Each structure stands twice: as structure tokens, then as C-alpha cells.
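First up is the structure itself, then whatever we jot down about it.
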Amino acid sequence: MSEKEVRLQVRNISKTFGITKALKDVSFDLYKGEIHALIGENGSGKSTLTNMLTGIYSMETGKFILDGEEVHPKDQVDANDHGISIIVQEQGTLDGLTVAENIFLGHEQRFIKGIIRNTGAMNKAANDLLKKYGFERIKANRMVDDYNFEDRKLVEIVKATYFEPKVVVVDETTTALSQEGREELYKHMRRIRDYGGTVIFISHDLDEVLNMSDTITILRDGDYIDTVDAKDVTSDDLKRLMVGREVTGNYYRSDYGEKVSDEVVLSAKNVSVPGLIDDINLDLHKGEILGIGGLSESGMHEVGKALFGASYDRTGEVVLGDGTHINDIPTAIRHSIAYTSKDRDNESVVMNQSIGDNITLPSLGKLTAFGPFISDRKKNAFANKYAKEISVKMVNINQFVSKLSGGNKQKVVLARWIGADSDILILDSPTRGIDIKVKQDIYQLMDSMRKQGKSVLMISEELMELIGMCDNILIMKDGKINGEVKRDPSVTENDLIAKMV
């Protein structure tokens with residue numbers, strides 16, 4: 001490692017948010033032509049550090065030295081001008097702009113003569129790039145809003161890498177991608193390494209980290225812990241460095257053979273959404289964890305929205321055990337149904353509202369004082385209770401959700417629905433971008449809810465968590481249910497994959 005040429009020096013970086021010390025005097029080196037993983041539990045400081053490097057957060061103390069020169073990017077465009085880019089965990093494209101406008105955002109001047117922008121030239125340049133990357137199905141002149149979450153991520157890959165930057169940050173991007181999308185991203189990470197660039201790779205998937213990285217730096221609670229060569233460590237070594245103790249891999253349920261109740265709490269009857277899902281029929285039972293799996297574009301994510309009443313063009317029926325029909329979100333919430341979206345930042349939390357506001361949102365009717373007026377005392381007590389119950393790492397409940405790590409945002413979403421005492425929970429990708437400790441907490445919470453007689457429908461692309469947590473698993477393919485797998489210790493990932501492809 002020492003024989004390589006230093007690309008980026010991180011020196012004495014510190015950052016605080018209120019009373020929380022997100023980073024504490026962190027220093028390490030990154031080299032040219034390497035994929036350098038940055039790992040740690042949620043709240044360890046990974047994204048804070050890279051957000052400062054890429055101009056998303058302002059610098060506090062310390063410095064970044066890039067190829068021998070100190071850099072302090074003011075914003076992402078300034079970072080690009082210094083040869084630094086980022087592909088973020090959540091959505092990084094802007095609604096209301098075309099694909100081409102997103103790719104060249106902040107760098108449109110190359111297509112402007114006088115005061116006139118040559119839109120045709122911009123679209124051609126973008127289409128040429130999309131073709132070069134193998135993403136021809138995405139069209140430069142289309143609004144980016146027309147594309148799904150994964151395709152928008154592919155647009156971000158082009159945007160962040162087409163100009164051959166010196167440093168590219170890949171922040172939990174793989175969690176938003178199917179296996180095919182991940183392979184595309186891996187290909188471009190290797191390409192960046194091959195031309196002498198440096199990739200900073202943030203991921204909670206330790207097998208992925210070991211497979212893709214040359215070097216790994218570990219942060220814990222804002223402190224620098226160590227930098228190791230990937231070839232010299234195992235996933236257990238990394239877990240120990242991340243949490244400061246031995247961590248066992250047994251996160252899942254250990255019970256087998258328990259009979260699921262015959263009581264049906266929710267039924268889908270011939271549910272369809274044009275172009276997405278077709279003729280879905282399923283029953284969710286009391287005290288059951290029902291899994292839905294499949295490839296990313298199988299339609300499984302639309303099932304959750306349809307059951308929650310969030311698909312405006314849905315046909316068919318969603319009926320509760322008492323005969324209530326669920327056709328819209330307010331009805332679902334009134335009848336104790338919770339929903340968490342895969343697209344956490346845009347569909348599950350209100351980013352520029354406080355933790356307290358987010359947690360209390362579906363429970364405001366229970367927090368009144370005089371007539372229709374909300375009691376601030378009750379609201380604060382309620383939010384504090386459930387934030388602490390699920391261990392949200394925060395300054396206080398007045399902190400904006402936008403300032404939290406991905407795992408702590410997910411905890412806020414879960415705290416909201418636990419506080420609402422929901423009986424049916426539809427959880428879409430509940431552990432996406434979550435560290436090993438928080439994953440374990442979420443699995444234990446799901447198991448506890450099951451034992452209380454609550455019902456969970458979990459949609460996931462992670463095969464092992466479906467196998468480990470679910471009583472029954474429905475496999476989606478091409479918008480339809482293509483098979484069912486019952487809970488059994490002999491079930492393997494291959495059993496599920498065979499029904500997906």
C-alpha cells in the first residue's frame with residue numbers, strides 16, 4: 001500500500017451537529033488506482049466525511065489534500081471542478097429536468113453560446129454517453145421523472161463519472177440497485193480504478209466490501225479505528241472492528257414448525273396495476289411474517305403500495321378481516337396499517353421536518369389537548385418515548401431528519417408506526433442501507449410484533465432475510481406471483497432464485 005502514490009490525504013477532520021460529534025480528528029490516506037472502502041455502523045461518520053469532501057456539508061476543522069493541494073469544495077459543482085464526485089445513497093437526480101439536464105447539471109456552459117443553450121447538442125452528448133455506458137434504453141430528452149428509482153441511479157452513475165474524476169464517492173448506492181445494476185456499477189468502479197482514479201466505496205454489505213475493495217478504513221462513533229488491506233481480513237474481523245466486540249451472524253428467527261393462525265387480517269383479490277403487477281391474490285394472517293421477493297423489476301415493490309392504497313390506478317380489492325376495503329392511504333392508516341417505502345427519503349420521511357414531527361405524524365389525533373388543538377407537551381413526550389424505545393441516535397427530537405444517517409432515518413420511520421400501534425405493517429426493503437446492529441434490532445422488532453399478534457408483510461431483495469424471517473415467501477416474476485416457499489430450515493437461496501428467473 002505504501003508503494004502507491006497518494007491521491008487524497010484526510011487530515012484531522014472534525015464535524016459536530018449540535019452536541020453530537022459526528023467526526024473526531026479523523027486522518028488517513030487514499031491512493032491512486034484503488035477502491036477504498038469506508039465502513040462503520042450507522043452514525044459512525046462515513047457519510048458526514050464524504051459529504052464534506054464533496055461540498056454537501058461545509059468544512060469545520062481539518063483539511064483535505066488532493067494531489068498535494070488543499071481543497072475545500074463549496075458545493076457539488078465546485079467539487080466536480082476539483083475532480084471529485086459522488087453517487088449518493090438516496091435519490092440524486094432532480095425532478096422536473098430531463099436526463100441530459102441532470103447529467104450536465106452545473107456544467108451546462110459547454111452547450112451555451114451567448115445566451116442560447118443548444119439543447120440538441122446537449123441531448124446528443126448525453127445520448128452518446130448513455131450508449132457508451134450501455135444504458136441506451138434511457139433517453140436524454142425524456143424527463144428524469146419518467147424513470148424508476150434504479151434507472152435514475154444509472155443516470156447518476158453517468159453524471160458522476162463521465163468526466164473521469166480523480167475521486168468518486170459511491171455512498172450505499174448498491175442498495176438501490178438490482179444485481180444487474182450492481183454489476184454495472186462494479187464495472188465502472190473498476191474502470192475508474194484502472195485509469196488511476198480513486199473510488200471511496202461505502203457499503204454495509206461486508207461480503208461486497210471484501211469482494212470489491214483493495215483497502216478498507218473503519219470508523220466507529222466518529223473515530224478513526226484502522227485501515228486494512230481487504231485481502232488480509234474476513235467479514236468477522238470487520239464486524240469486530242466496526243462495533244468493538246465480537247458479533248455473531250445469527251440475526252434471524254430460530255423457530256420452525258410454528259403454525260400460523262388461520263385468521264386472515266388482509267386479503268388482496270385480483271389486484272392489478274397497469275404495466276406493473278397483474279392479478280395478485282394473497283392472504284396475510286394474524287401473527288404472520290409474509291415475505292415477497294423477486295428481482296428488482298418483478299413488481300414486488302408495487303405490491304406494497306397497492307395494498308396500502310397508494311396506487312391511484314389499482315384495480316381489484318384489498319379487504320381487511322372485518323370487511324373494510326382499503327382504497328386510499330387515510331383509510332389504511334385509520335385501520336391500523338403502516339407502510340414503509342423502499343425510497344425512504346422521498347416517500348417515508350419528511351426530510352425538512354423534525355424527528356418529533358415525523359414520529360407523531362399519524363398519531364396527532366391522540367395528542368390533542370383542548371378540542372382540535374395539539375398538545376405540545378403530549379406530542380414531545382410521545383416522540384421522545386418512541387425515539388428512545390427504538391434507540392434513534394440524535395441530538396434531540398427537534399433535530400431535522402435530513403441530518404440523520406440512513407439507519408437512523410429508518411428508525412424514525414419504524415418509531416412512527418410503533419407509536420401508532422399499527423396492527424399490520426407493510427415493510428418494503430426495511431433493512432436497505434442499514435448496518436449489522438440496526439438490522440438485528442429490526443429483525444428482533446419484527447419477531448416481537450409477530451409474537452404480539454401483529455402481522456408483517458416484508459418486501460425484500462435480500463434472500464437470506466426472507467428465508468430467515470418469514471413464515472411464507474411469495475416469489476414475484478413479471479408482475480405475477482410465480483411461487484410460494486414455506487418456512488423450513490432446508491430452504492436455500494437457490495430455492496427462491498429458481499422461481500425468480
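Model, not experiment: these values are computed from the prediction.
A donor-acceptor pair under 3.5 Å is absent between the side-chain atoms of Arg193 and the main chain of Ile35, judged by distance alone. Under the 3.5 Å distance criterion, the side-chain polar atoms of Arg416 are matched with a main-chain donor or acceptor of Ser348. Judged by distance alone, with hydrogens and angles left aside, the side-chain atoms of Glu172 form a donor-acceptor pair with the main-chain N or O of His204 at under 3.5 Å. Judged purely by atom type and a 3.5 angstrom limit, Thr217 has no side-chain atom pairing as donor or acceptor with the backbone of Thr227. Put simply, the side chain of Lys32 never gets that close to the backbone of Lys166: no donor and acceptor are under 3.5 Å apart. Between the side chain of Lys139 and the backbone N or O of Glu136, at least one donor-acceptor pair lies under 3.5 Å. Panel note: side chain Arg7, backbone Leu30; no donor-acceptor pair is recorded below 3.5 Å. Listed for the Ser85 side chain is a donor-acceptor partner under 3.5 Å among the backbone atoms of Ala160. Side-chain atoms of Asn102 come within 3.5 Å of backbone atoms of Thr98 as a donor-acceptor pair (strictly under, hydrogens ignored). Formation of a donor-acceptor pair under 3.5 Å by the Lys159 side chain with backbone atoms of Ile86 is not found in this model.
More than 12 heavy atoms of other residues, nucleotides or ligands sit less than 6.0 Å from atom CD of Gln109. Within a 6.0 Å radius of NZ in Lys393, more than 12 heavy atoms belonging to other residues, nucleotides or ligands are found. The number of heavy-atom neighbours closer than 6.0 Å to NZ of Lys187, taken from other residues, nucleotides and ligands shown, is above 12. Heavy atoms of other residues, nucleotides or ligands lying less than 6.0 angstrom from CD of Glu180 number 12 at most.
Taking the six-membered ring for Trp, Phe28 and His36 have ring centres closer than 6.0 Å. Residues Phe17 and Tyr57 bring their aromatic ring centres within 6.0 Å.
Shown here for Ser27 and Asn12, the closest heavy-atom pair between the two residues is OG-N, 2.7 Å. Shortest non-hydrogen contact noted between Lys409 and Leu404 is CE-O, 3.3 Å. Contact detail for Asn408 and Ser391: the closest heavy-atom pair is OD1-O, 4.1 Å. Shown here for Val350 and Asn358, the closest heavy-atom pair between the two residues is N-OD1, 2.8 Å. Residues Leu241 and Arg220 come closest through the heavy atom pair O-NH2, 2.9 Å. When all heavy atoms of Ile333 and Pro362 are compared, the closest pair comes out as CG2-CB, 4.2 Å.
Rounded to the nearest 0.5 angstrom, Glu297 CD and Leu276 CG are separated by 9.0 Å. Between the CE atom in Met242 and the CG atom in Leu219 there is a gap of 10.0 Å [rounded to 0.5 Å]. With rounding to the nearest 0.5 angstrom, the NZ atom of Lys411 is 11.5 Å from the CD1 atom of Ile359. Here CD of Glu34 is found 9.0 Å from CD1 of Ile200. Values are rounded to the nearest 0.5 Å.
Screening Tyr162, Tyr195, Tyr133, Phe201 for a ring pair (Phe, Tyr, Trp, His ring centres under 6.0 Å) with His188, the sole residue that qualifies is Tyr133. Here the rule is salt bridge (Lys or Arg N to Asp or Glu O under 4.0 Å) with Arg152, and of Asp145, Asp146, Asp95 only Asp95 fits it.
With respect to the salt-bridge test (charged N to carboxylate O, under 4.0 angstrom), the residues Asp237 and Arg240 qualify. In summary, Asp343 and Lys305 do not engage in a salt bridge, as defined by a charged side-chain N under 4.0 Å from a carboxylate O. Residues Glu101 and Arg117 are paired through a salt bridge, judged by an N-O separation under 4.0 Å between the basic side chain and the carboxylate. A salt bridge between Asp428 and Lys342 is absent, with no side-chain N of the basic residue lying under 4.0 Å from a carboxylate O of the acidic one.
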- [ ] Mind running salt bridge (Lys or Arg N to Asp or Glu O under 4.0 Å) on Lys46 and Asp171 for me, showing each step along the way?
- [x] CA-CA 9 Å; Lys46 310 179 300 295; Asp171 187 357; over 6 Å; no

TODO: Kindly indicate, with the supporting measurements, whether the criterion salt bridge (Lys or Arg N to Asp or Glu O under 4.0 Å) is fulfilled by Asp81 and Lys74.
DONE: CA-CA 11 Å; Asp81 291 340; Lys74 301 186 296 295; over 6 Å; no

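Annotation: side chain of Val77 is in contact with side chain of His107 (closest heavy-atom distance under 4.5 Å). Between Thr215 and Asp229 there is a side-chain heavy-atom pair separated by less than 4.5 Å.
With no hydrogens or angles considered, a side-chain donor-acceptor pair links Glu208 and Tyr186 at under 3.5 Å. Counted by atom type alone, Asn51 and Thr48 present zero donor-acceptor pairs between their side chains at under 3.5 Å. Judged by distance alone, the side chains of Glu465 and Thr431 do bring a donor and an acceptor atom under 3.5 Å apart.
Remark: Glu156 pairs with Lys153 by the side chain to side chain donor-acceptor pair (under 3.5 Å) rule, at least two apart or across chains. Qualifying side chain to side chain donor-acceptor pair (under 3.5 Å) partners for Arg190, counting only residues two or more places apart in sequence or in other chains: none.
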